Each structure stands twice: as structure tokens, then as C-alpha cells.
2 protein chains.
Amino acid sequence: MATKKKTTIKDIANVLGITPSAVSKALSNHPRISDKTKTAVLQIAQNLNYQPNHLASALRKGKSNLVGVIIPKANSHFFSSIIEKIEEVLNEKGYNVIIAQSNESYKKECKSIDALLYTQVDGIIASMANETVKLDYYEKIKSKGIPLILFDRGENDLNVDYVGIDDYLSSHLVIEHLVEQGCKRIAHIAGFSHTRIYKNRIRGYRDALEKFGLPIEESLIIESNLRIEDGRRIMNQLLGLKNRPDAVYAAGDYAALGALQVLQENHINVPEDIALVGFTNEPFTSLVTPSITSVEQHSEQIGKVAAETLLMRLDSPNEKVSLNKLILPAELIIRSSSKKLA
Amino acid sequence: MATKKKTTIKDIANVLGITPSAVSKALSNHPRISDKTKTAVLQIAQNLNYQPNHLASALRKGKSNLVGVIIPKANSHFFSSIIEKIEEVLNEKGYNVIIAQSNESYKKECKSIDALLYTQVDGIIASMANETVKLDYYEKIKSKGIPLILFDRGENDLNVDYVGIDDYLSSHLVIEHLVEQGCKRIAHIAGFSHTRIYKNRIRGYRDALEKFGLPIEESLIIESNLRIEDGRRIMNQLLGLKNRPDAVYAAGDYAALGALQVLQENHINVPEDIALVGFTNEPFTSLVTPSITSVEQHSEQIGKVAAETLLMRLDSPNEKVSLNKLILPAELIIRSSSKKLA
DNA sequence: TATATTTGTTTCAACGTTTGAACAAAAATA
DNA sequence: TATTTTTGTTCAAACGTTGAAACAAATATA
């Protein structure tokens, strides 16, 4: 059971009595190699169970064919389906994907970036941690000339390709829907406004209220990490107001779920007393009772476009193609939690 | 903005007028290199923003410091927290982690294994796809002498280290609890019995029923993929029986959730009419109404042990340490869906 | 003082693959 | 037949790092 010596290109060459170089060329289907040698090489490669040494070829070619993907946390449908799609598109083109989770921590994110750079990835696709404000590590990626694509959680200041949805418009969709249901005091459980997407959702929320002639009340806008516990905390806070809202628009489904729990614990009818809308259309939104209205972001589409944009950058690294800000459409999925009218 | 030539060990050597070899040794803190050179090298490395070329060193050392992790799907708390822990333990020791999702597909799993082997990972930690019955690709890993650790979804026949919980005993816990609640006809929405863990849960279920003197009825045991839709389908099937069960034990939380939906749609009271228990303790089990009783598998612990076992194998590759079958304890989390007695 | 040991460095080959240049043989063209 | 072109291969260097062995200088031991 001794560790079997791995078959190399040289072994194949020896068997056939030709040079390693010829074998290499045969394997990569070089035009100047005869069909006879090519088939012979392929045959022997098969027999000896030859597996190309990726490290050697990557070193020589200066290209690892590895792509890093950084996400806050894989444990949501949104991110895991994006990854799935990214893998699908990139594998197709011979790239492998390394996934790193930041766990919403800036420090972990930095470590992940370092790890990816160390592994010599050819490109990075990332969605930033909530915590991240300093962009130094992302600048580091850029300064190394490694293509960087951001999705979902992006940052304008970085000046890199970005793929996401129109958060501003999404908020409009949400508010419009709630107004149609007769809501007049709509609270917003917001994400931190230093993150672009949440800032835009807040902006959309404000502008939409204004558009519909509703007053903007600062006490109804509360920023957080949007976890379940944040939703709970903030919902309690909102219930404590002497003038309660009649609708809550959460910028994330988990926060919406936390809010729903608190509402139910307080025997407040949803949507009759307080309507509720979330964001991201996590699968559970359709599973809880009442089901939660949410915004579908078409994650597969985001993953696909992000991967394709990266491929484009990898194929033409020097070309000064104009920066892409790809804004995909979002869709409001209306469910029981906000449907006052039959 | 021309692609900056990367700094190499050679550049540092040139600056200091010493050999690349000396620099290499200085960087790896070789005892024979003087402290003077060491600090000088470190200084220059810093100045030139030197980043070691992992590919070159991996090639030379025959070790990539990369570990592959294969999971069915990241989008569950169970798997994502295991990954988090694995990353934590392995990063600590200088390893980076590549995550591959099989999406429960045998074909995708094979592709992932090939990709990981191609990337020259030093070891693989995997949980098998539901679909997987043929073990040829896992044998391939073994035959290459690459350490393989299985967790959760394992296979006895492979003869490799395994980390998981005591599924057999877990089923006993579940049945015992249901019997205590007065249930007499307990159905089992099972996983496919070709997978070890599900086989053991079924075995535990049968033996526990016997132990409590309850009859085993084959029509109450139905195997599936345990997705929400499977839970729905099977629950409908169970409701169609002329003699309905008074409790349902699902071998997965998603299946349990599907069952719960169908029960609610049919206005069957849970737990009064039919009690329900799931498995894995996914976060949503505590979030739905009624909250679902489930089995907590201590995923961080599984991740930790799996990673540590791999490290052990990597450290002493030849040592014929006896195979580890690490069976960790599981815990029944009792919630509303099964609590008939106050 | 002669010899042995330690210290700090260099030399050199290797890891496995790739690629441009060189070359010989075969085929095409004059 | 002489020359050019094409075809199929080999040669040699390179990618960046590493580590065993060689070596010289400095230090310790006899």
C-alpha cells in the first residue's frame, strides 16, 4: 500500500520512446503533432491512469484556473444558489471554485482574501460582509491586477464590476404594494446604510413614501444586521412606540421572520393589524404561517452574470472594457403577510 | 496600470546580494540562517510586498496545503456550520479549504472529486450525496493515497475514517419520547436505506418500536429524499391510510416541514391528533408554528473532529493508525410539535 | 598550533509542465 | 535535380521554490 508514484508526462514519454515535450503537445492537441502519436499518447495516458499535475502547469503557465468566491454565509438559499450557478458557469470553462465564508466578519474576510491570493486564484467574486467598511483588502486584490467582481453587497468606491438588483426600485415596489393595501405608517427594519444595497433600499423607501404623500418618521427606520434576533429586538422596539406602525418592511427575510415571531407572541394579527414584507425570498418565507411577502432577487441570474463577467475579464485582462454595473430586475412575491385585500 | 511583475524570492535575493536559497531559508526560519539575514530578508520582503508563490512551493514540496470538502448542499445550517468549523481548524494549521457542492447528485459529486484531485488537494473531507451508491470515485481517492474522512453520510464499505452521530440511538430517543406522549402508531418518513445513517435510523426505529411492544407496520415506513416535497407527498400518503398514524418521525427536518404543511392544510392538530418529530435541528424548526421537535447533531463538534482526524492523517500518512469511527452523542430537542403533555 | 566542530551561505538539481526555437525528414514546388 | 515548404519531433530553458550537499569561514577543542 506504498504511496504510488504518480504517473507523469515523462512516464508516458518513456513508454512511447518520445520526449515529454511531444507528450505535452499531444495532450494539448497541438496541430504539429501527428494523429498517430496523439492517439498513442492518449491510450498510454489512459492505461497509466495519468492525471495532469495542475500545480506544475499552473506554475508554468502563470495561471491557476482557480477562482475564489467570498460570501458572508453559505447557509441561505440566496447565496448557495448563486454559488451553484457560478460553479456551473466557471467549471464549464475549466475553472475550479474555492468558496470562502466571511461569516459577516471583516477580519475573517481579510483572512479569506489573503488565503485566496496565496492560493493564486485567477479571479475573485465577492459579496462583502455587513461589517466591512474599510476597503483596503479589496484594494489589495485590485492592486495585484486580479479581476474582482462584486455582487449583491457591493461598494461604489471600489470601481469594479458589480452585479445586483435594483434595490432602490425594489423598495418602491414594496411600498407601493403596502400603500395599495391601505397601510399608512410603514416602518423599515433596515440594513446598515454604509452598505450600498441597504442604503439604496432606505433611499427607495424614503422616496417612495414621499411619492405617496406619506410622512417620513425617523423612529420608524432602524438599521441592524438583519438577523432573526435583530428583527425581534426591533419589532419589540416598534411595538413600544405610542404610535405603532401598521406595516413593517424588513430589508432581509430573517429580520422579517424575527419580527413575525414577536408579532405572533403579542397576538397581533398579520397582516390585518400589521402587514409584513421581507427581502430575498428565502424558501422559508413561503413555509411559515402566515407566508411572508418578499422580494425575489433571481439569484441564479446574479450568479450567472457575475461568473460571465469574470470570464470576460479573464479573457481580456488588458482590454479597458468599461466597468459593468449590471442591475438585474427584482420581483415582489406577494404572500399572506401583506395581503389585506382578498 | 501594466500588470505588475510579482516579487519573487529572487528579487529579494538580488537586493540583498545573497542567494535565493538563503532567502527561502530565511523566510522559513531555518536554524542555520543568521538572525541578521533573517531580519533583513523580512524587511525587504515587506518593502517589495513579497507574496510567496504557493504553486511553486506546492510543486516543489509535493503538498498543496489545500483540503477539499464535499457536501451535498451548503444551504443548511447543519452543513454550513460544519464547514465553518472545518475551516477554522484547518486554517489554523495552514491549510486552505475548497468547498464543493454535489447538490445530492452522484454525477456532480464525481465531477467535484475529479476537480479536487486535479487541484492536488492534500486531503478530502466528504459527506456523500443521497444518490450515491457506487463508490468508485471514493475508491479513486483512496487509491491515490489521499486521506479521506467521511462525515454524516458515510459508508461502512469504504473503510475510511468516519465522524457522525449515533443514528441508531437517536431513533430510540425519538421513539421513547413519542411513546411517553402516548403515541401508539408511529410512522417513519425515512431516508434511503442504502445510506448508512438512514439505515441506522430505520433500524433504531424498528428496534425501539419492538422494545416498547409496538407493532411494526411496513406501510408506515416510507423512504425518500427527505425534501419538503417528499415530506408533503408521504404525509398525504399516510393520511390516505384507513388507519392513520398518531405520530410521524421524519429522518430530516425538511421532510418534517413538508409533513407539517400538509397536516395544517388538512386542519389536523399537531401534536394533539398527530405528533411530529424531525431530524437535524435546522434553525427553522424552532421558527415555525408549531415549532418542530428535532434531533441536534452538534455540527460544530462533527466539523471539529473531522478536521482534526484529517490533520492526524496528514501528519502521519504512513502510520497504520487504526480506523476511527467517531460516534458523537446526539440530543433530542423537544418542541411543541410533539409535546402532548403539558 | 593543529584539528574538529559549528555557523552561515552557496551550489545545484529537482518538482512536472510548457513553449519557442531548432532541427531533420518528408513532401511539395520549381 | 535542386530548392522550398511542410510536418513531426526534439532541445533547452523557464515558472518560483526548496533542500541536500558542498563549501568556506569562524569558533571551539585537543
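Since we're looking at a predicted model, the values are computed, not measured. Numbers restart at 1 for each chain; the letters A, B, ... are given by sequence-line order, proteins then strands.
- Across all non-hydrogen atoms, the minimal contact from A:A115 to B:N96 is CB-ND2, 3.0 Å.
- The separation between B:I9 atom CD1 and D:dC15 atom P is 14 Å, rounded to whole Å.
- Across residues 31-44 of chain B, B:R32, B:I33, B:S34, B:T37 each have a non-hydrogen atom less than 4.0 Å from an atom of DNA chain C (numbered order).
- One can place NZ of A:K10 at 10 Å from P of C:dT17, the figure rounded to the nearest angstrom.
- The CG atom of B:L59 sits 9 Å away from the C1' atom of C:dA14 (whole-angstrom rounding).
- Atom-to-atom, NE2 of A:H30 to P of D:dG8 comes out at 11 Å; the value is rounded to the nearest Å.
- Note on A:E87 versus B:K111: no salt bridge recorded, every NZ/NE/NH1/NH2 to OD/OE distance being 4.0 Å or above.
- A:D11 has its CG atom 11 Å from the P atom of C:dC15, to the nearest Å.
- A side chain to side chain contact (heavy atoms under 4.5 Å, CB included) with A:L42 is found for exactly one of A:I12, A:N47, A:L27, namely A:L27.
- Contact annotation for B:I18: backbone-only contact, meaning every heavy-atom pair under 4.0 Å involves sugar-phosphate atoms and none involves a base.
- The stretch residues 38-79 of chain B participates, sequence neighbours left out, in these ring pair (Phe, Tyr, Trp, His ring centres under 6.0 Å) pairs: A:Y118-B:H54.
- Residue pairs meeting the ring pair (Phe, Tyr, Trp, His ring centres under 6.0 Å) criterion with at least one member in residues 132-153 of chain A: none, sequence neighbours excluded.
- Take B:K93 and apply the side-chain contact (heavy atoms from CB on, under 4.5 Å) test, not counting sequence neighbours, and it matches B:Y95, B:L311.
- Look at NZ on B:K6: it is 14 Å from C1' on D:dT17, rounded to the nearest Å.
- B:G164 approaches B:I302 most closely through the heavy-atom pair CA-CD1, 4.5 Å.
- With sequence neighbours left out, B:E131 forms a salt bridge (Lys or Arg N to Asp or Glu O under 4.0 Å) with no residue at all.
- Of the residues in residues 22-29 of chain A, A:S24, A:K25 come within less than 4.0 Å of DNA chain C through at least one heavy atom, sorted by number.
- When the side-chain contact (heavy atoms from CB on, under 4.5 Å) test is applied to A:N159, the partners found at least two apart in sequence or on another chain are A:K142, A:L323.
- Contact check of residues 46-54 of chain B against DNA chain C (heavy atom, cut-off under 4.0 Å) returns no residues at all.
- Electrostatic pairing of B:E109 and B:K134 does not count as a salt bridge here, judged by no charged N lying under 4.0 Å from a carboxylate O.
- Atom CG in A:N14 sits about 13 Å away from atom C1' in C:dG16, given to the nearest Å.
- As judged by a 4.0 angstrom heavy-atom cut-off over every strand, B:T8 is placed among residues touching the sugar-phosphate backbone only.
- Rounded to whole angstrom, the span from the CG atom of B:L16 across to the P atom of C:dG8 amounts to 16 Å.
- Among pairs with a residue in residues 12-36 of chain A, none fulfils salt bridge (charged side-chain N to carboxylate O under 4.0 Å, His left out), at least two apart in sequence or across chains.
- The side chain to side chain contact (heavy atoms under 4.5 Å, CB included) test with B:Y162 is passed by exactly one of B:I327, B:L148, B:I149: B:I327.
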When you compare the protein's N or O atoms with those of nucleotides 12-14 of chain D, which come within less than 3.5 Å of each other, and at what distance?
| unit_1 | atom_1 | unit_2 | atom_2 | d |
| --- | --- | --- | --- | --- |
| D:dA14 | N3 | A:R60 | NH1 | 3.2 |

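- The salt bridge (charged side-chain N to carboxylate O under 4.0 Å, His left out) contacts involving residues 68-84 of chain B comprise A:K73-B:E84, A:E84-B:K73, where partners must be two or more places apart or lie in separate chains.
- Here A:N29 pairs with A:K38 under the side-chain contact (heavy atoms from CB on, under 4.5 Å) rule; sequence neighbours left out.
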